[in-house]
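Take a look at the structure below.
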Amino acid sequence: MGSVAERLESVRARVAAACARAGRDPSGVELLAVSKTVAAEVVGEAVAAGQRLFGESRAQEAEAKIPLLPGRLRWHFIGHLQSNKVRRVLPLVEALHGVDSLRLAGHVARVAAELGLFPRVYLEVNLAGEASKHGLRPDELRECLAEVLALPRLEVAGLMAIPPVAAEPAQSRPWFRALRALRDELAARTGVPLSGLSMGMSDDFEVAVEEGATIVRVGSSIFGRRQE
Ligand SMILES: *Cc1c(COP(=O)(O)O)cnc(C)c1O
C-alpha cells in the first residue's frame, strides 16, 4: 500500500493526468484529503507531505482533532450537519459541503452572523433521488435557490453530490455530467456563477475531474481503508 506520502503523491498524479486528458488547468482542481476516522498523527504525515486542505464529516471528531494539528491547515466539513452542531463546527472550517435544505442554510447564515463569519457552502444535490441519501432533489433546489442566494453571510460556492454506488467509475460519469448541467442551468438563471463542483471520491475522482470537478474529496486512497 505504501506510505501516506506515497499514496498522496499518486492521487495528485492521477488528478493531474485526468486534468491533462480533459484539457484542464490542474490549478482548477483542489484535492480535499478526507481524514475522517484517521488519527491526528496520521493526518500529520499528509501535512508533512505538503497537504493543507482536509475534510471531516463528524462534528465531535472535528472538534477533537482539528486543535491537535497545525493552525495553518484548512478544513472543510463534508458530512451532513445537524442544526444543533452548526455553532461548534462553523468556527473550525472554511466551507460546508453538505448544506441540503433552505432551513439549514438559514440556520448557518444566522449563526455565521452571530459569530462574525462568512462561510463558503456547497449545496448538496441528491441527483438520483435516493431515499438513503441527503441532499436537495434538483427540483427542490430550483425552487429554493433564490432564497438561499438571498441569505446574508453565505458564499454559495456551488454544488456537491455523491452519485449512487457504482461497480465501475465510468458509471458515475452521467451523474457528474448531470451535476454540471444543473449548475450551468442554475448559473444561467440566477447570474450567480456557482463555479464550485464538489464531486469525486476515491473510486471515481478521475472521472469527476474529467467532468469538471473543482474539488475532489478523497479519503481511503490516501489514508487506506477505514474500519467502520
Ligand atoms: C468519506 C467521504 C468521502 C471520502 O470517501 P473515500 O471513498 O474514502 O475517498 C468523500 N465525501 C464524503 C461526503 C464522505 O463522507
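In listed order, ligands and their atoms are each counted from 1. Numbers here are sequence positions counted from 1.
- The aromatic rings of H76 and H97 sit tilted relative to each other, their planes meeting at an angle between 30° and 60°.
- Those atoms of ligand 1 with a heavy atom of V218 less than 4.0 angstrom away are 9 (O).
- Ion pairing of K133 with E124 is absent here, as no side-chain N (NZ or NE/NH1/NH2) approaches a carboxylate O to less than 4.0 Å.
- Nearest non-hydrogen protein atom to atom 5 (O) of ligand 1 is M201 CE, 3.4 Å.
- Remark: ligand 1 and S202 share an N or O pair separated by less than 3.5 Å (distance only, no angle test).
- Residue I162 touches ligand 1 through its side chain alone, judged by heavy-atom distances below 4.0 Å.
- Here's the thing with I78: none of its N/O atoms is less than 3.5 angstrom from an N/O atom of ligand 1.
- Shown here are the side chain to side chain contact (heavy atoms under 4.5 Å, CB included) partners of R110, two or more places apart in sequence or in another chain: H107.
- Looking at atom 15 (O) of ligand 1, its nearest protein heavy atom turns out to be K36 NZ, 2.7 Å.
- Atom CZ in F77 sits 14.5 Å away from atom CD in E94 (nearest 0.5 Å).
- The pair R21-E210 counts as a salt bridge, with a side-chain nitrogen and a carboxylate oxygen less than 4.0 angstrom apart.
- On a distance-only criterion, R226 and ligand 1 share at least one N/O pair closer than 3.5 Å.
- Looking only at side-chain heavy atoms (C-beta outward), E56 and S35 come within less than 4.5 Å of each other.
- Taken to the nearest 0.5 Å, the CZ atom of R74 stands 4.5 Å off from the CG atom of L53.
- Closest protein heavy atom to atom 11 (N) of ligand 1: R217 NE, 2.9 Å.
- Using a 4.0 Å cut-off between heavy atoms, H97 makes no contact with ligand 1 at all.
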